[in-house]
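One structure is given below, encoded as C-alpha cells.
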2 protein chains.
Amino acid sequence: MELAEAKQKFIEAWGKLGSEWGINRTMAQVHALLLISPEALTTEEIMEALSISRGNANMTLRDLIGWGLVEKQHKAGERKEYFYADKDTWNIARQVAKERRKRELDPVLKVLDELSKVDGDVNDPEYKTFNKSVTDINMLAKNVDKTLDTMLKAEENWFWGSLFKIFK
Amino acid sequence: MELAEAKQKFIEAWGKLGSEWGINRTMAQVHALLLISPEALTTEEIMEALSISRGNANMTLRDLIGWGLVEKQHKAGERKEYFYADKDTWNIARQVAKERRKRELDPVLKVLDELSKVDGDVNDPEYKTFNKSVTDINMLAKNVDKTLDTMLKAEENWFWGSLFKIFK
DNA sequence: TTAAACTTTCAAAATATATTGAAAGTTTAA
DNA sequence: TTAAACTTTCAATATATTTTGAAAGTTTAA
C-alpha cells in the first residue's frame, strides 16, 4: 500500500471510530490528519487536505484545542497560525478520558446520587426495583470514575504494567 | 422527590448518556424504562410510557435484544409478547463492552494492523510520523482489547477487587 | 491611519439520523 | 379455513447535526 493511500485510510478509520463514539467525524479526521503530520499545518492546508470549508476547519480546530488535543503554533515572521497535535498516545487517551468524564460522567453521577436518595415504600415492587437499579448503576459509575481518576494521574508504563500484573 | 418524577429523571439521564456515547437515545430510554420495571412490559405499555410509535418501539426492542440487554417473555395463555431487561449492572456493562468491541474496536484493530505494515523511506519524516502514530495507537488499542477480554471473562468482584488492589 | 492578511461568526443549506403510522405479514384459536 | 390479535416493515416525514461561505471582525505592517 502506498503511503498516501494509507494516510487516507487512517483518516477515514479514525473518523469512523470517532463518530461511533459520539465525536464529530470531521473533528476526528482533522485530529488524525494532524497526528500523522510531522509539521504543524495551517487552516488552508487542513481545508485542502480534507476538502472542508474554512468555517468548518476553524470551528473544528477550536474544538480540538478545547479538548486539549491540538495547539496553536506561531512561526517567526509569519502571520498565519499553525496547528499541531500532541503525538503521545497515552496523553491523547488521558485527555479524552478527562474531558468526557467532566462533560458526561460527572453530570450523570450527580443525578444518580440524587436519585438514589429518593425514598419510598419498601414493599412497593416499583420502588424496590427502581432503587436497586439506580443504586447498582451508581456504584458501577463510581467505580469507573475512581478508575479514571487513577488513570489520569498515572504514568503509562505504571498503568498498563499494573493491569497486566493481574490480568495476564 | 416523587417516585414518578425520579423515574422520569432516570429515563432522561440514561437517554442523554446513551446519545453522548453513540447509542440511540430512544434505545437507551427504553432500556432505562425496563431496568426500573419490576415486571416485563408489552410494546403497548412502552409506547405509552415513552410516547413513541409502535414502529419505533418495535425496532428499538429488536435492537436491545440484539445487544443482549433485553429478552422476550411469554406469559401463559397470552398472545402478547412481554419484554424484560436483565437488571444485573455488571452483565449490562459486559454486554455493552462485548458488543462495542465486536462492532467497533475489532474493525479498527484490523485496519491498524494493516496500516502498521505499510513500509516506506525511514528518512522521510512524513513516513516516520505516520508510522509512529499508527504503531503507537495500535499498541494502545491492543491493550484496551486485552483488558476488555479479561473483563468479559471476569466476575464482577474479582475484577474490581483486583483493580482496587493496585489503584487504591 | 489604511489595507492586506488572516480569523471568527452564524444564518442558511445540506446531510444524516430517528420516528411515524398505515399496510403487510404472521400466528393462533376456534 | 377464517378472522382477530398481534408483530414487522418501510417509505414518507420530522428532527437533529453538520457544513458552508460570505460577511464581519481582528491584527499587523507600512
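Chain letters run A, B, ... following the sequence lines, proteins first, then strands; residues in each count from 1.
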*Value rounded to 0.5 Å, distance of OH in A:Y82 from OG1 in A:T42*: 6.0 Å

*With hydrophobic residues grouped by side-chain heavy-atom distances under 4.5 Å, do B:V108 and A:V96 end up in a single group?*
yes

*Counting Watson-Crick and G-U wobble pairs only, both distances under 3.5 Å, name the nucleotide matched with C:dT19, or none.*
D:dA12

_From D:dT18, D:dT20, C:dT19, nucleotide with atom closest to B:N56 side chain_ = C:dT19

*Does OP1 or OP2 of C:dT15 have a side-chain N or O of A:R25 closer than 4.0 Å?*
no

_Nucleotide D:dG21, atom P - distance to CD of A:E44 in whole Å_ = 14 Å

*asked:* Rounded to the nearest 0.5 Å, what separates atom CD1 in A:I65 from atom NZ in A:K72?
replied: 5.5 Å

*Once you round it to whole Å, what is the distance between C1' of D:dT7 and CG of B:L61?*
11 Å

_Just the rounded figure in Å: distance from C1' of C:dT20 to CE of B:M47._
10 Å

*asked:* Heavy atoms from C-beta onward define the side chain here; which of C:dT8, C:dT9, C:dT20 lies closest to that of A:K72?
replied: C:dT8

_How many whole angstroms separate atom NZ of B:K75 from atom C1' of D:dA5?_
18 Å

*Can you tell which of D:dC6, D:dT20, C:dC6 lies closest to the side chain of A:K80?*
C:dC6

*Side chain of A:E81 only, please: which of C:dT7, C:dT19, D:dT28 is the nearest?*
C:dT7

*Across the strands shown, which category fits A:S51 at heavy-atom distances under 4.0 angstrom: base, sugar-phosphate, nothing?*
sugar-phosphate

*Who pairs with D:dT19 - Watson-Crick or G-U, where each distance is under 3.5 Å*: C:dA12

*asked:* Whole angstroms only, please: what is the CG-C1' distance between B:N24 and C:dT20?
replied: 14 Å

*Picking from C:dT28, D:dT19, C:dT7, which would you name as closest to the side chain of A:T43?*
C:dT7

*With respect to the side chain of B:R54, which nucleotide from D:dT7, C:dT28, D:dT19 is positioned closest?*
D:dT7

*Classify the side chain of B:R79 versus the base of C:dT27 as yes if they form a donor-acceptor pair under 3.5 Å and no if they do not.*
yes

*State the pairing partner of C:dA30; accept Watson-Crick or G-U wobble contacts with both distances under 3.5 Å, and report none otherwise.*
D:dT1

*Roughly how many Å is it from CD in A:E45 to P in C:dT7, rounded to a whole number?*
11 Å

*Counter-base of C:dG25, judged by Watson-Crick or G-U geometry with both distances under 3.5 Å*: D:dC6

_Parallel, tilted or perpendicular, judged at 30° and 60°: which one describes the rings of B:W90 and B:F159?_
tilted

*To the nearest Å, how far apart are B:I23 CD1 and C:dA18 C1'?*
15 Å

*Step by step, work out the side chain to side chain donor-acceptor pair (under 3.5 Å) result for B:E104 and A:W21.*
CA-CA 9 Å; B:E104 294 143 24; A:W21 286 87; 3.2 Å; yes

_Protein-nucleotide distance (A:H74, atom NE2; D:dT27, atom P), rounded to Å_ = 11 Å

*Does B:N58 place a side-chain N or O at less than 4.0 Å from the phosphate oxygens OP1/OP2 of D:dT7?*
no

*To the nearest 0.5 Å, what is the distance between NZ (B:K80) and NE2 (B:H74)?*
13.0 Å

